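Model, not experiment: these values are computed from the prediction.
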Amino acid sequence: MRRDLEREVVSRRIERAHVAQTRMLGGQTAEELRERLERRVVISVARRGKFLFLHLDSGDVLLVHRGMTGNLFLKDPADPPDAHLHLAARLDDARELRLCDHRGFGELRAISLTELDALSARLGPEPLGPEFTVDYLAGQFARRTALVKALLLNQAIVAGLGNIYVDEALWAAQVHPERRANTLRGPEVELLRKAIVRLIGESVERRGTTFSDYKDLYGNPGGNSAHLQVFHRAKQPCLRCGEPIQHVRAAGRGSSVCLACQRPPAGNGAS
DNA sequence: CGCGAGACCTGATAGC
DNA sequence: TGCTATCAGGTCTCGC
């Protein structure tokens, strides 16, 4: 998404912005956001974890988080209005950047560079960056008793992983989601780290994973969906051992696992 | 302080 | 058919 935005909106001027007043603005008024966007030129597009940042010539930054169901579209202003449209930014090339989000769990607001830095500092390392080493991950796991799945979803440990990639990584490393983080052995941590790096890299090249709602800027689904090994494959055979994939609840999230490949921790009766 | 459950929303779908 | 219950890509808050 960042790459597409960079190609399409850098150097474009936002002529007019329609902003809906919703909780996605995090307390900012629609009027303030509109004023901070209109007549500004997009200088660059950055990403950190699941946040997108459109840097503007004013020094302001447009923060976008897509939450569960948020989508960014580049459309013709004459195209029919989308349901749950939160932002429609008319660009100087007569196209319109829209943010639609029917559940409204996303985020949309103008922030300063200082706020961006503070936000970025609260996130863990990028999975494809140099800080995401096996020593780092093993160090985090060693001092935590939470479920390994909860820690991988925690954006302060590593930035950008969600439910799909965590389930895929745990399956690839043959680690059960309900293992306590501090019980993982060194080789398991290394397998997990390698799986995360590979899965994220592959998915970016395939333009993302569409599970239900995700679409790219042009409305096309991501190409990674066909490559998922476990996620949402309950009752279908494990692609490693043939046993049926189970759907369980772990760390409060629906989780797809192969109980034959991903051995549950001792004394975990329920799932 | 860390952990885990519940809350926040709307919509799709399964089951009765 | 139509109602109800459940579940969904995320993250925050609160109680323990």
Side-chain angles (χ1 to χ4, degrees), chain A residues 1-2 20-27 47-52 63-73 82-86 99-109 118-120 122-124 127 139-171 177-183 196 199-200 202-204 206-216 219-235 245-256 265 268 270-271:
Chain A
M1 178 58 79
R2 190 203 67 78
Q21 185 66 56
T22 62
R23 65 173 54 248
M24 285 178 65
L25 305 187
R47 180 199 57 75
R48 181 84 169 84
K50 300 174 185 173
F51 293 92
L52 283 166
L63 173 156
V64 178
H65 190 300
R66 303 185 341 179
M68 297 270 255
T69 53
N71 273 320
L72 283 167
F73 294 125
D82 301 85
H84 305 286
L85 184 64
H86 292 89
L99 175 65
C100 313
D101 186 349
H102 70 81
R103 288 180 80 181
F105 287 168
E107 239 182 304
L108 173 73
R109 56 201 166 94
L119 192 153
S120 182
R122 291 199 297 271
L123 297 176
Q140 293 294 318
F141 282 179
R143 70 179 97 100
R144 300 286 214 121
T145 61
L147 305 184
V148 61
K149 170 142 184 174
L151 278 201
L152 292 176
L153 288 169
N154 183 338
Q155 303 296 296
I157 303 294
V158 50
L161 301 185
N163 205 31
I164 296 176
Y165 298 122
V166 168
D167 276 7
E168 291 292 314
L170 289 167
W171 179 86
E178 291 178 299
R179 295 271 301 282
R180 299 279 159 184
N182 60 4
T183 69
I196 289 164
L199 289 164
I200 292 293
E202 288 174 353
S203 187
V204 169
R206 293 173 182 148
R207 308 181 56 77
T209 305
T210 295
F211 157 64
S212 62
D213 293 305
Y214 175 70
K215 297 283 167 43
D216 69 14
N220 302 313
N224 193 56
S225 321
H227 298 268
L228 294 178
Q229 307 289 295
V230 271
F231 188 80
H232 238 252
R233 290 194 64 246
K235 299 178 183 169
I245 299 296
Q246 309 283 318
H247 187 80
V248 302
R249 190 151 289 269
R253 309 296 301 277
S255 306
S256 305
N268 130 329
S271 36

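Rounded to an integer number of Å, the gap from CD1 of Ile157(A) to P of dG2(B) is 9 Å. Counting to the nearest Å, the P atom of dC12(C) and the CD atom of Glu107(A) are 7 Å from each other. In this structure, Met68(A) atom CE and dT11(C) atom P are separated by 9 Å, rounded to whole Å. When the P atom of dA8(C) is taken as reference, atom CD1 of Ile164(A) falls 12 Å away, rounded to whole Å. Separating the CE atom of Met24(A) from the C1' atom of dC12(C) is a distance of 15 Å, rounded to the nearest angstrom. The distance between atom CZ of Arg253(A) and atom P of dC3(B), rounded to the nearest whole Å, is 17 Å. Atom CG of Asp167(A) is separated from atom C1' of dC7(C) by 15 Å (rounded to the nearest Å). To the nearest angstrom, P of dC3(B) lies 17 Å from NZ of Lys149(A).
Nucleic acid contact class of Gly67(A) (heavy atoms, under 4.0 Å, all strands): sugar-phosphate only. As judged by a 4.0 angstrom heavy-atom cut-off over every strand, Gly104(A) is placed among residues making no nucleic acid contact. Residue contacts for Gly254(A): at a heavy-atom cut-off of 4.0 Å it reaches the sugar-phosphate backbone alone, with no base atom in range. Residue Gln155(A) is in sugar-phosphate contact alone, with no base atom involved, counting any heavy-atom pair closer than 4.0 Å across all strands shown. Using a 4.0 Å heavy-atom cutoff across all strands shown, His247(A) reaches sugar-phosphate atoms only and no base atom.
Residue Ser225(A) holds its OG atom at 7.5 Å from CD1 of Ile164(A), rounded to the nearest 0.5 Å.
Out of dA8(C), dT10(B), dT11(C), the shortest distance to the side chain of His65(A) is found at dT11(C). The side chain of His102(A) lies closest to dG11(B) when the candidates are dT11(C), dG11(B), dC3(B). Listed nucleotides dA8(C), dG4(B), dT11(C) differ in distance to Arg180(A); the shortest reach to its side chain belongs to dG4(B). With dC3(B), dG11(B), dG4(B) as the choices, the nucleotide that has an atom nearest any side-chain atom of Leu147(A) turns out to be dG4(B).
Contact check for Asp101(A) versus Met68(A): no side-chain heavy atoms found under the 4.5 Å cut-off.
Stacking of Phe105(A) onto the six-membered ring of dT11(C) is not present when judged by under 5.5 angstrom between centres and under 30° between planes.
Considering only side-chain N and O atoms, Arg103(A) lies nowhere under 4.0 angstrom from the phosphate OP1 or OP2 of dC7(C). Here Thr145(A) reaches the OP1 or OP2 of dC3(B): one of its side-chain N or O atoms lies under 4.0 Å away.
The closest side-chain donor-acceptor pair between Lys149(A) and Ser255(A) falls under 3.5 angstrom.
Salt bridge absent: Asp167(A) and Arg253(A) never bring a charged side-chain N and a carboxylate O closer than 4.0 Å.
Using cut-offs of 30° and 60° on the angle between ring planes, the pair His84(A) and His102(A) is tilted.
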